[in-house]
*Asks:* 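Here it is, the structure in full.
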Amino acid sequence: MLHIHNTLSRQKEEFRPIDPTHIGMYVCGPTVYDFAHLGNARPVVVFDVLYRLLKRHYPRVTYVRNITDIDDKIIAKSKESGEPFLSITKRTAQAFHDDMDALNALPPDIEPLCSGTIPQMLDMIATLIEKGHAYAADGHVLFHVPSMKYYGELSRRSRDELIAGARVEVAPYKKDPADFVLWKPSAPDQPGWDSPWGRGRPGWHIECSAMAKMHLGITFDIHGGGLDLIFPHHENEIAQSRCAHDGAPLANYWMHNGFLTVNNDKMSKSLKNFFTVRELLAVAPGEALRLALLSGHYRQPLDFSVEALQKAKATLDKWYGALRGKAAAHAEKLGVPVALEDALLDDLNTPLAIAHIHELANELNRAATPAEQAPIRARLLAAGEVLGLLQQDPETWFRWQPAEGAGPTDAEIETQIAARLAARKAKNYAESDRIRDALAAQGVILEDSAGGTTWRRG
RNA sequence: GGCGCGGUGGCAGAAUGGCUAUGCAGAGGACUGCAAAUCCUCGUAUGCCGGUUCGAUUCCGGCCCGUGCCUCCA
């Protein structure tokens with residue numbers, strides 16, 4: 001039985017799907033104006049683990065993650081660099097896909113573009129005006145917050161508090177200081193679409209409401225995203241959708257992942273303390289990055305460092321080392337170990353799941369015969385798969401090298417190992433150790449065992 | 001000012017009203033030509049002060065410290 005922490009209640013709840021034969025999940029995706037940093041990758045990996053879990057327990061899951069390709073940051077970037085708007089969004093979306101693939105994140109079932117959902121947004125805006133929840137003013141359309149009875153339910157803020165704490169000047173055309181934009185005018189040189197309120201573009205929040213409705217219906221099961229989206233983004237999404245749908249809930253469960261920090265500061269562009277996924281992939285394999293992101297519970301803050309990344313890689317070295325050279329079970333694939341599945345069913349307790357994987361790896365290392373090893377190996381692989389880990393060939397894993405590493409090629413290493421073997425046979429240990437030390441200096445570690453010498457890049 | 005989160009061994013990080021994971025690092029041992037890897041053994045923790053309880057790290061209250069949101073943000 002799956003339990004998840006619901007931001008609406010601030011409590012762990014039993015997950016009760018609307019339709020047990022078909023689960024709907026929406027997660028806010030990237031705004032494509034720049035390379036994804038690791039903070040952007042965290043929700044992708046976290047909800048990927050949830051997606052995999054749901055797929056094991058329900059016959060059908062529809063996972064929707066949007067791409068925001070209309071945004072003022074993209075417009076600003078285009079103006080600044082001279083690169084055409086569409087070129088930026090297309091290139092950045094592709095880079096995002098490449099990065100997430102490297103992290104072993106499964107693609108969502110549906111990945112709608114904001115620019116492809118304009119008619120649905122215009123429909124919803126018209127409905128909101130019709131129902132008295134929105135109004136046109138000065139080329140804009142604004143959502144009227146006081147018309148929404150439950151506004152603040154998710155973020156637990158009252159409208160008065162919002163106004164009291166406001167740090168932004170209120171635009172003169174707003175009826176209420178808390179009102180937010182559904183549609184805004186575009187200058188001739190800015191991307192825009194014709195609408196009853198003039199040529200313009202959507203506000204940030206309406207896109208998710210429209211895309212969620214289009215692909216998942218009025219009410220769906222799970223809505224996810226980063227903690228910082230609770231307010232205002234998700235609060236506003238709820239306001240728009242519920243008001244457009246006569247009060248029907250938008251999502252029954254809201255899940256939010258904690259921040260990624262660097263030296264305990266939030267990783268952000270403005271602090272310039274961010275790492276892009278891209279630059280980290282040059283330092284360590286994507287799988288190590290993924291493990292590092294899952295090494296803490298998703299709701300806790302996670303402090304990232306290159307050391308933490310290297311530790312994750314060392315952990316995977318150990319696990320792949322346990323798998324290396326072990327006979328595969330020819331029997332059918334074993335199921336996911338119960339203890340591990342239970343850990344994930346309890347609000348995605350990935351650290352506990354990882355502890356179980358350690359236990360399996362140790363068990364595999366202790367197993368002496370192929371007959372004992374095969375079933376443990378199968379369980380370890382099944383365990384890895386639920387976290388999106390351990391699915392590559394161990395030999396491939398150990399051959400990975402950093403992007404700038406101009407170390408010896410695989411063939412050169414093999415040649416050196418053969419030379420060393422000859423020296424060892426002749427009991428010329430000085431020469432043998434010289435070869436080993438020379439390779440070690442180039443980042444290649446040799447390991448002798450009864451079965452011969454294996455190597456890995458450290 | 002309002003709302004919220006967190007303080008667990010040297011580090012990372014779970015869990016729990018009593019018997020306290022897991023990993024890394026550290027100490028000792030096995031194995032090895034020597035290593036590496038692996039295996040075995042070992043040490044060390046629940047911010048402070050009260051309360052409830054037979055018993056609290058776990059529940060309640062206060063305090064201290066750190067931190068997030070209230071503006072674009074995963």
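Throughout, protein chains are lettered first and strands after them, A, B, ... in sequence-line order, and every chain is numbered starting at 1.
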*Asks:* In whole Å, I'd like the distance from the CG atom of L302(A) to the C1' atom of A74(B).
*Replies:* 13 Å
*Asks:* Mind checking whether Q401(A) and V444(A) have side chains closer than 4.5 Å, heavy atoms only?
*Replies:* no
*Asks:* Can you tell me how far C1' in A30(B) sits from the matching atom in U46(B), rounded to whole Å?
*Replies:* 35 Å
*Asks:* Which of these nucleotides, A74(B), A21(B), G33(B), is closest to any side-chain atom of R420(A)?
*Replies:* G33(B)
*Asks:* Can you say whether a donor on the side chain of S155(A) sits under 3.5 Å from an acceptor on the base of G4(B), or the other way round?
*Replies:* no
*Asks:* How close do L348(A) and V46(A) get, counting heavy atoms only, and between which atoms?
*Replies:* CD1-O, 4.0 Å
*Asks:* Give a yes or no on whether a salt bridge exists between R434(A) and D437(A), defined as a side-chain N under 4.0 angstrom from a carboxylate O.
*Replies:* no
*Asks:* Taking the nucleotide of RNA chain B with the nearest heavy atom to each, does T261(A) or S295(A) sit closer to the 5' end?
*Replies:* S295(A)
*Asks:* Counting side-chain heavy atoms from CB outward, which of G33(B), G68(B), G23(B) is closest to D433(A)?
*Replies:* G33(B)
*Asks:* Would R157(A) count as a cation-pi partner of F231(A), with NZ or CZ less than 6.0 Å from the six-membered ring centre and within 45° of the ring normal?
*Replies:* yes
*Asks:* Nearest-Å distance, CD (Q310(A)) to P (A12(B))?
*Replies:* 16 Å
*Asks:* Would you kindly give the NZ-to-C1' distance between K311(A) and C11(B), to the nearest whole Å?
*Replies:* 6 Å
*Asks:* Between L360(A) (CG) and G23(B) (P), how many Å, whole number?
*Replies:* 12 Å
*Asks:* Starting at atom CG of L227(A), determine the distance to atom P of G68(B), rounded to an integer number of angstrom.
*Replies:* 12 Å
*Asks:* Roughly how many Å apart are C54(B) and C39(B), using the P atom of each and rounding to a whole number?
*Replies:* 46 Å
*Asks:* Going 5' to 3' through nucleotides 36-45 of chain B, assign each nucleotide B (protein heavy atom under 4.0 Å from a base atom), S (under 4.0 Å only from sugar-phosphate atoms) or - (no protein heavy atom that close).
*Replies:* BSSSS-----
*Asks:* If you take atom types as modelled and just measure distance, does the side chain of R436(A) reach the base of A35(B) with a donor-acceptor pair under 3.5 Å?
*Replies:* yes
*Asks:* To the nearest 0.5 Å, what is the distance between CG (L113(A)) and CD (E207(A))?
*Replies:* 10.5 Å
*Asks:* Strictly below 4.0 Å, N to O, side chains only: are E363(A) and K326(A) in salt-bridge contact?
*Replies:* no
*Asks:* Nearest 0.5 Å, what's the OG1-CG distance between T276(A) and L38(A)?
*Replies:* 9.0 Å
*Asks:* Can a donor-acceptor pair under 3.5 Å be found between the side-chain atoms of D228(A) and the base atoms of G68(B)?
*Replies:* no
*Asks:* A14(B) and C72(B): how far apart are their P atoms, nearest whole angstrom?
*Replies:* 31 Å
*Asks:* As a test of understanding, state which of L106(A), V61(A), V386(A) forms a side chain to side chain contact (heavy atoms under 4.5 Å, CB included) with R52(A).
*Replies:* L106(A)
*Asks:* Using a 4.0 Å heavy-atom cut-off across all strands, classify H297(A) as base, sugar-phosphate, or nothing.
*Replies:* sugar-phosphate
*Asks:* Write down the distance separating the P atoms in G26(B) and C64(B), rounded off to the nearest Å.
*Replies:* 40 Å
*Asks:* Tell me, what's RNA chain B's dot-bracket, Watson-Crick or G-U with both distances under 3.5 Å, | for other-strand, [ ] crossing?
*Replies:* (((((((..(((.....[...))).(((((.......)))))....(((((..]....))))))))))))....
*Asks:* So what does R434(A) touch, heavy atoms closer than 4.0 Å: a base, only the sugar-phosphate, or nothing?
*Replies:* nothing
*Asks:* Expressed in whole Å, how much space separates the P atoms belonging to G18(B) and C34(B)?
*Replies:* 48 Å
*Asks:* Counting the atoms with a prime plus P, OP1 and OP2 as sugar-phosphate, which does D72(A) contact under 4.0 Å by heavy atoms, base, sugar-phosphate, or nothing?
*Replies:* nothing
*Asks:* Taking atom types as modelled, find out whether N66(A) and Y26(A) have a side-chain donor-acceptor pair closer than 3.5 angstrom.
*Replies:* yes
*Asks:* Is the shortest distance from a Lys or Arg side-chain nitrogen in D34(A) or K73(A) to a carboxylate oxygen in the other one below 4.0 Å?
*Replies:* no
*Asks:* Roughly how far apart, to the nearest Å, are U38(B) and A45(B) at atom P?
*Replies:* 27 Å
*Asks:* Please check the phosphate of C69(B) (OP1 and OP2 only) for any side-chain N or O of K266(A) closer than 4.0 Å.
*Replies:* yes
*Asks:* Before giving the answer on side chain to side chain contact (heavy atoms under 4.5 Å, CB included), spell out for Q416(A) and L446(A) the whole-Å C-alpha distance, their side-chain angles and the decisive distance to 0.1 Å.
*Replies:* CA-CA 11 Å; Q416(A) 290 300 303; L446(A) 301 190; over 6 Å; no
*Asks:* Expressed in whole Å, how much space separates the P atoms belonging to C63(B) and C69(B)?
*Replies:* 24 Å
*Asks:* What is the distance, rounded to the nearest whole Å, between atom CZ of R157(A) and atom C1' of U71(B)?
*Replies:* 12 Å
*Asks:* Considering only the C1' atoms, how many Å lie between G10(B) and G61(B), rounded to the nearest integer?
*Replies:* 33 Å
*Asks:* Could you tell me whether R424(A) contacts a base, only the sugar-phosphate backbone, or nothing, with contacts defined as non-hydrogen atoms closer than 4.0 Å?
*Replies:* base
*Asks:* Any base atoms under 4.0 Å from L260(A), or only sugar-phosphate, or nothing? Heavy atoms, all strands.
*Replies:* base
*Asks:* Would you mind telling me which residue lines up with the more 5' stretch of RNA chain B, A430(A) or D71(A), judged by nearest nucleotide?
*Replies:* A430(A)
*Asks:* What is the distance, rounded to the nearest whole Å, between atom CG of L309(A) and atom P of C24(B)?
*Replies:* 17 Å
*Asks:* What's the spacing between D71(A) CG and T31(A) OG1 if we round to 0.5 Å?
*Replies:* 5.0 Å
*Asks:* Answer yes or no for this row: Y429(A) ring on G33(B) base, centroids under 5.5 Å, planes under 30°.
*Replies:* yes
*Asks:* Please give, in whole Å, the distance from A15(B) P to I354(A) CD1?
*Replies:* 13 Å
*Asks:* Heavy atoms only, 4.0 Å cut-off, all strands: where does E359(A) land among base, sugar-phosphate and nothing?
*Replies:* sugar-phosphate
